Amino acid sequence: MLYYFKKWVIDMLKPNYIEAKKRTKEDIKVLRNEYKIPDEVKNLGENKKYFIKTYGCQMNEHDSEVISAILEDMKFIKTDDYENADLIILNTCAIRENAHNKTFGMLGRIKHLKQAKPNLMVGLAGCMSQEESVVDEIINKYKWMDFVFGTHNIYKLPEILKEHMKTEKLEVNVWSNEGNVIEGLPSKRDSKYKAWVNIMYGCDKFCTYCIVPYTRGKQRSRMPEDIISEVKNLKEQGYMEVTLLGQNVNAYGKDFKDRNYKMENLLEDVAKTGINRVRFVTSHPWDFTDNMIDIIKKYDNICNYIHLPVQSGSSRILKLMGRRYTKESYLELYKKIREKLGDNASITTDIIVGFPGETNKDFEETLKLAEECKYDSAFTFIYSPREGTPAAKMEDNVSKEEKEQRLYKLNEIINKYAKEANDKLVGKVMKVLLENVSEKDENMLAGYTDTMKLVNVKADKKYIGKIVNVKITDAKTWSLDGKIDEWYRRKNRWIIWWFWRV
Ligand code: 5AD
Ligand code: SF4
């Protein structure tokens with residue numbers, strides 16, 4: 001009897017594909033006082049170090065900032081060396097199989113470490129934790145691990161650690177329900193100049209290849225007041241740039257029952273805070289309105305950078321993908337954005353090759369679309385079947401070699417236009433937020449233009465954290481070189497001289 005009760009409790013806290021797929025009409029609650037640290041674990045991290053490895057998208061990067069802050073609230077100190085850590089968390093991604101393999105590869109290395117250091121605590125977080133088959137595998141083959149928690153209950157980490165301290169057994173605590181909006185969580189941001197700001201969680205689009213609606217749950221928008229106040233706070237702290245984050249940001253607000261407030265309203269209100277730069281990712285072409293384009297054009301501090309995933313250039317494949325637009329309607333939107341925002345805007349995309357049933361003709365249409373759009377850059381992927389999604393049940397009749405060849409051909413076109421777009425910028429003066437020392441040369445600084453072009457600049461470290469005018473001197477496929485614009489430097493000197501005089 002006790003055995004069955006225990007099994008029931010464990011099953012309740014395990015992810016479940018059927019539950020994860022459900023979308024009920026239940027109201028989404030905003031919970032403000034849920035994050036607490038029980039007394040038993042207040043000092044758990046004293047003299048202990050934690051290591052966190054993040055896989056996947058920006059949403060995960062920001063989740064890791066929250067997890068880090070929670071651990072530091074329990075007095076853990078961060079280390080970048082996992083072999084030196086007392087607690088390791090892998091914040092995982094489930095979007096493609098290679099993300100899975102990387103995590104299991106890392107777990108293999110950590111297992112050896114755990115054998116040498118039995119007190120080491122190891123936890124799994126993120127999207128893979130929300131997958132039924134992954135958690136079954138952990139329970140059956142990775143019993144040496146200490147805890148598993150999901151994307152809906154990050155704020156419960158202190159309690160999960162408390163439970164684990166009591167039982168000293170693998171603690172699995174993953175929820176598959178639709179989730180609420182949790183406010184008041186701490187965050188240890190990686191950058192002092194750029195910040196991620198969640199505006200919504202989950203996704204209801206259910207593109208047939210995508211695991212996200214299952215791992216991240218129902219679409220839940222944060223209240224505009226909470227977002228604006230977070231941005232104002234960041235601005236006061238000296239942040240120069242915010243990126244509004246969501247799986248499908250253009251659908252922001254569609255889940256509000258008591259107000260008519262959409263992405264265009266939020267963009268405008270965030271722009272009005274006066275923060276230097278506002279970005280947003282990711283857009284679904286379906287929800288991109290004309291008003292949104294007008295707002296982007298109207299406010300100088302909304303970056304002229306649009307990430308507009310197309311996924312395929314074949315309307316037949318787009319239909320199978322459940323994308324809700326055709327090649328023609330995508331191109332219409334694309335042209336509208338280009339016309340309204342002008343050539344100074346940059347547009348990037350995501351493309352999947354080798355979707356089940358993709359013929360050569362379908363693929364040729366993707367190539368044609370890439371030629372037509374001349375994207376500034378693109379993330380290109382080979383289709384990866386995800387268990388539980390409708391596409392995983394479709395016959396995957398494109399061979400691995402064929403998929404690889406298609407990816408190669410597509411990348412050639414993408415690279416050609418990326419370089420062409422960069423070449424056009426040589427000689428121009430662009431505003432760059434210099435963030436850190438360049439990876440390629442320690443005498444250079446690196447930063448991004450508002451159009452999301454990476455620029456390496458020969459400049460003194462005193463410019464880190466500043467938006468400076470940079471004259472572009474050279475273009476590569478994925479980055480630009482530049483030098484601080486002399487006129488800008490002279491102007492600054494003149495202003496200083498003028499201040500001295502008065
Ligand atoms: N296989 C390959 N690529 C995928 N993406 C999402 N799901 C899959 C999958 N199953 C890509 C899409 C999406 C990006 C974040 O990842 O292009 O826009
Ligand atoms: Fe996945 Fe994006 Fe489609 Fe949502 S809109 S299901 S996150 S690809």
Side-chain angles (χ1 to χ4, degrees), residues 17 20-21 23 55-61 92-102 126-128 130-131 133 151 178-179 198-221 245-252 254-255 263 280-288 306-314 317-325 330 347-358 363 366 369-370 373 375 377-394 396 398 400 403-404 406-407 410-411 414:
Y17 287 134
K21 200 173 169 180
R23 295 293 187 267
Y55 300 88
C57 66
Q58 295 101 331
M59 192 69 77
N60 259 17
E61 278 182 39
T92 60
C93 168
I95 204 117
R96 280 171 294 275
E97 196 174 348
N98 58 356
H100 261 233
N101 298 344
K102 277 188 203 157
C127 287
M128 275 173 69
Q130 296 289 148
E131 290 184 287
S133 55
T151 56
E178 296 169 332
N198 278 126
I199 63 167
M200 63 200 294
Y201 306 96
C203 177
D204 289 344
K205 281 281 182 284
F206 286 100
C207 301
T208 58
Y209 52 81
C210 185
I211 193 76
V212 169
Y214 309 83
T215 60
R216 292 272 168 182
K218 171 172 162 171
Q219 168 170 330
R220 289 105 64 207
S221 300
L245 275 186
Q247 304 295 347
N248 172 18
V249 290
N250 304 9
Y252 173 81
K254 285 192 163 182
D255 48 311
M263 184 59 181
F280 55 98
V281 279
T282 286
S283 295
H284 187 298
W286 172 258
D287 298 302
F288 216 114
I306 316 280
H307 185 61
L308 196 66
V310 65
Q311 312 298 1
S312 169
S314 151
I317 295 294
L318 287 171
K319 193 157 185 227
L320 288 174
M321 287 176 162
R323 288 293 287 179
R324 308 174 193 210
Y325 54 83
Y330 178 91
I347 306 183
T348 59
T349 199
D350 291 345
I351 301 176
I352 299 174
V353 299
F355 186 80
E358 185 188 69
F363 177 62
T366 299
L369 180 125
C373 292
Y375 292 107
S377 126
F379 297 99
T380 53
F381 312 101
I382 289 180
Y383 167 71
S384 170
R386 309 315 299 138
E387 192 187 340
T389 61
K393 295 188 196 91
M394 298 177 192
D396 188 358
V398 189
K400 190 167 167 274
K403 285 177 185 167
E404 280 165 2
R406 286 183 189 174
L407 186 70
L410 176 63
N411 283 344
I414 296 295

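Ligands are counted one by one from 1 in listed order, and the atoms in each one are counted from 1 as well. Treat the numbers as computed from the prediction; the structure is a model and nothing was measured.
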Give the contacting part of Phe381 toward ligand 1: side chain, backbone, both or neither, where contact means a heavy-atom distance below 4.0 Å. side chain
Below 4.0 Å, non-hydrogen atoms only: which portion of Ile95 touches ligand 1? Side chain, backbone, both or neither. both
Option nearest atom 17 (O) of ligand 1 (shortest heavy-atom distance, choices His284, Gln311, Gln247): Gln311
Under 3.5 Å: donor-acceptor pair, side chain of [X], backbone of [Y]:
X	Y	answer
Thr151	Arg216	no
Ser312	Ile317	no
Arg23	Ala20	yes

Distance from [atom] to nearest protein heavy atom, with residue and atom:
atom	value
atom 14 (C) of ligand 1	Asp350 OD2, 3.5 Å
atom 7 (N) of ligand 1	Tyr209 CD1, 3.3 Å
atom 5 (N) of ligand 1	Arg96 NH1, 3.4 Å

Name the orientation class of the two ring planes belonging to Phe280 and Phe288 (parallel below 30°, tilted from 30 to 60°, perpendicular beyond 60°). tilted
Tell me whether Asp255 is salt-bridged to Lys218, with the criterion being a basic N under 4.0 Å from an acidic carboxylate O. no
Taking the side chain as everything from C-beta on, heavy atoms only, tell me whether [X] gets closer than 4.5 Å to [Y].
X	Y	value
Glu131	Arg386	yes
Val249	Ser283	yes
Cys127	Ile211	no

Using 0.5 Å steps for rounding, measure from the CD1 atom of Ile382 to the NZ atom of Lys400. 7.5 Å
Ser384 to ligand 1: N or O pair under 3.5 Å? yes
Below 4.0 Å from any atom of ligand 2, which residues have a heavy atom? Give them in chain and number order, please. Cys203, Lys205, Phe206, Cys207, Tyr209, Cys210, Val212, Pro213, Gln247, His284, Arg323
Evaluate whether atom NZ of Lys319 has more than 12 neighbouring non-hydrogen atoms of other residues, nucleotides or ligands under 6.0 angstrom away. no
One finds that the ligand 1 atoms under 4.0 Å from a non-hydrogen atom of Arg386 are 10 (N)
What atoms of ligand 1 come within less than 4.0 Å of a heavy atom belonging to Ile352? 3 (N), 4 (C), 5 (N), 12 (C), 17 (O)
Say whether Ile382 and ligand 1 are in contact under the criterion: heavy-atom distance to a ligand atom below 4.0 Å. yes
Regarding Gln311 and Tyr209, do their side chains bring together a donor and an acceptor under 3.5 Å, going by distance alone? yes
